[in-house]
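Order of the sequence lines sets the chain letters (A, B, ...), proteins ahead of strands, with each chain counted from 1. Both backbone and side-chain heavy atoms feed into the values below; hydrogens, waters and symmetry mates do not.
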Protein chains: 2
Amino acid sequence: MTVEAKAVTTPASPPLTERQEARRRRILHASAQLASRGGFDAVQMREVAEAAGVALGTLYRYFPSKVHLLVATMQDQLQHMHTTLRKRPPAGQEPAARVAETLMRAFRALQREPHLADAMVRALTFADRSVSPEVDTVSRLTTAIILDAMGLDAPPTAEQLSAVRVIEHTWHSALITWLSGRASIAQVKIDIETVCRLIDLTAPGAAAAAPTPRKS
Amino acid sequence: MTVEAKAVTTPASPPLTERQEARRRRILHASAQLASRGGFDAVQMREVAEAAGVALGTLYRYFPSKVHLLVATMQDQLQHMHTTLRKRPPAGQEPAARVAETLMRAFRALQREPHLADAMVRALTFADRSVSPEVDTVSRLTTAIILDAMGLDAPPTAEQLSAVRVIEHTWHSALITWLSGRASIAQVKIDIETVCRLIDLTAPGAAAAAPTPRKS
DNA sequence: GGATAATGTAGAACAAGTTTCAGACTTGAT
DNA sequence: ATCAAGTCTGAAACTTGTTCTACATTATCC
């Protein structure tokens, strides 16, 4: 029996009416659509507004900047991916293998829409302080996916959370290098597998590496 | 006796005249200056041109985009840092400790000019394919710094290079989270130390983690 | 059901990155 | 010294993210 993962929820500040919810969805859909065509640059605010059947000013009321919009788009896509991934949990025995498998599955999904991936990841890493809350939500979602894949029996230790953070760093940065054509798919795979070794290293009971003396 | 590190050189396509070299330096200086004031947004091409005493068109001849300019600025700063770091090599015994120490030293340097760091790192991760060669140069420089810090006795193995790649990923991404206020300095330190454990893990002769069966 | 505040629309206006162009200045070869 | 090719300048134009304004529509509350 694995630990129950807490749901990652957006604060959802003011409740939206039905039509507002519909507008919001139309906007996110248009954003993803345009992103799929031509990546970050192809998501032009006027075009998003037009495709969503909404005035430019309204678009900006829902998403205060292009980066906000794309990060929200990423949130949206990640939700889908999370539920999809949960349906077929990874097969590996070791937590490290399961995490690597899960991330590679996600990576293959991104490969099917490389332009969309480009738009979302570039927005994510370009986001400044004003987008912190939204980026944080994405980060929590990613963390949840990784912890899910680990399938822990107990709540993660601080060490394990550090490992997960590093995996997340590597995941984002490796995606960037792939998207900008500086690393091959194979290279990304190796990087992911390499960083996932940290999971074994930080498993409770594992021989600790440098500073901590083992208890045994 | 440690392995001699190869110098990381820029291809330096057409040789520049003295005045051109001077212009280039003025531009880079202006860029760093403005970046130090207000980060990425404060580096405005018209202002850079004016501060460097150069026409806008000339600026664009030297650096075909703002991102190119800032990545070149980063290259420049990294060169400085590399030579500075080499003067006082890290003190730790283990390679992992030395790398962590070196990166933390670099991190403290960045903390002294957080706006400059912001401009450079944001440009680096936002760069698209058209900037790949320049970004690659920065990456090679960073790799050189890390390998230097490891102080290897032999050329790095493929495994070690993977570990270095992952460390680089973590380094960039951790900087981003710090710059956007989503992680504290302490958090960055932990992430760096965590990822540096991979170095011990991939040292030749170390007990390999998951897939490779140990030889001993 | 009507007053009123919030939300949405169309479109102009503004800001900063990028492009373009005509003319002046350098440079290198003859 | 001079000519041609390449470079630099100043200024305008263009693009796209963002803001603003005046007016229409919708929602909420009495």
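Residue B:Gln20 has a polar side-chain atom (N or O) positioned under 4.0 Å from OP1 or OP2 of D:dC8. Proximity of B:Tyr62 to the phosphate of D:dC8: a side-chain N or O atom is located under 4.0 Å from OP1 or OP2.
For B:Arg98 (side chain) and B:Gly92 (main-chain N/O), a donor-acceptor pair under 3.5 Å exists by modelled atom type. Using a distance-only test at 3.5 Å, with no hydrogens or angles considered, a donor-acceptor pair links the side chain of A:Gln20 to the main chain of A:Thr17.
No hydrogens or angles considered: a donor-acceptor pair under 3.5 Å links the side chains of A:Thr73 and A:Ser31. A donor and an acceptor atom, one from each side chain of A:Ser173 and B:His169, are located under 3.5 Å apart.
Atom CZ of B:Arg24 and atom P of D:dC8 are 13 Å apart (whole Å). Residue A:Glu50 contributes atom CD, which lies 12 Å from atom P of C:dG11 at whole-angstrom precision. Taking atom CD on A:Glu47 and atom P on D:dT16, their separation rounds to 8 Å, with Å as the unit. D:dT16 atom C1' lies 6 Å from atom CD of A:Gln44, rounded to whole Å. Residue B:Leu70 contributes atom CG, which lies 10 Å from atom P of C:dT18 at whole-angstrom precision. Taking atom NZ on A:Lys66 and atom P on D:dG17, their separation rounds to 4 Å, with Å as the unit. Atoms CG (B:Leu59) and P (D:dG10) sit 13 Å apart, rounded to a whole Å. In this entry the distance linking CD of A:Glu18 with P of D:dT28 reads 12 Å, nearest Å.
Nearest nucleotide to the side chain of A:Arg46, out of D:dG17, D:dT19, C:dT9: D:dG17. Listed candidates were C:dT18, D:dT16, C:dG8. Nearest to the side chain of A:Thr58 is C:dG8. Each of D:dG17, C:dT18, D:dT9 was ranked by its minimum atom distance to the side chain of B:Ala55; first place goes to D:dT9. When each of C:dG8, D:dT7, C:dT19 is scored by its nearest atom to the side-chain atoms of B:Arg61, the top-ranked nucleotide is D:dT7. Considering only side-chain atoms of A:Arg19, the nucleotide from D:dT26, C:dT9, D:dC8 that sits closest is D:dT26. Side-chain proximity of A:Val54 to C:dT9, D:dG17, C:dG17: nearest is C:dT9. Listed candidates were C:dA16, D:dT16, C:dG8. Nearest to the side chain of A:Arg23 is C:dG8.
Evaluation of the ring-ring contact (aromatic ring centres under 6.0 Å, His included) test over residues 103-141 of chain A, restricted to residues two or more places apart or in two chains, returns A:Phe107-A:Trp178, A:Phe126-B:Phe40, A:Phe126-B:Phe126.
Comparing B:Thr17 and B:Leu56 by the nucleotide of DNA chain C whose heavy atom lies nearest to each, the residue mapping closer to the 5' end is B:Leu56.
Here B:Ser65 lies in heavy-atom contact (under 4.0 Å) with sugar-phosphate atoms only. Residue A:Val48 is classed as having no contact, given no heavy-atom separation below 4.0 Å to the nucleic acid. Within the 4.0 angstrom heavy-atom criterion, only backbone atoms of the sugar-phosphate kind lie near B:Val43; the bases stay farther away. Across all strands shown, B:Phe63 has no heavy atoms under 4.0 Å from either base or sugar-phosphate atoms.
Put simply, CG on B:Leu141 and NE2 on B:His82 are 7.5 Å apart, with the number rounded to the nearest 0.5 Å.
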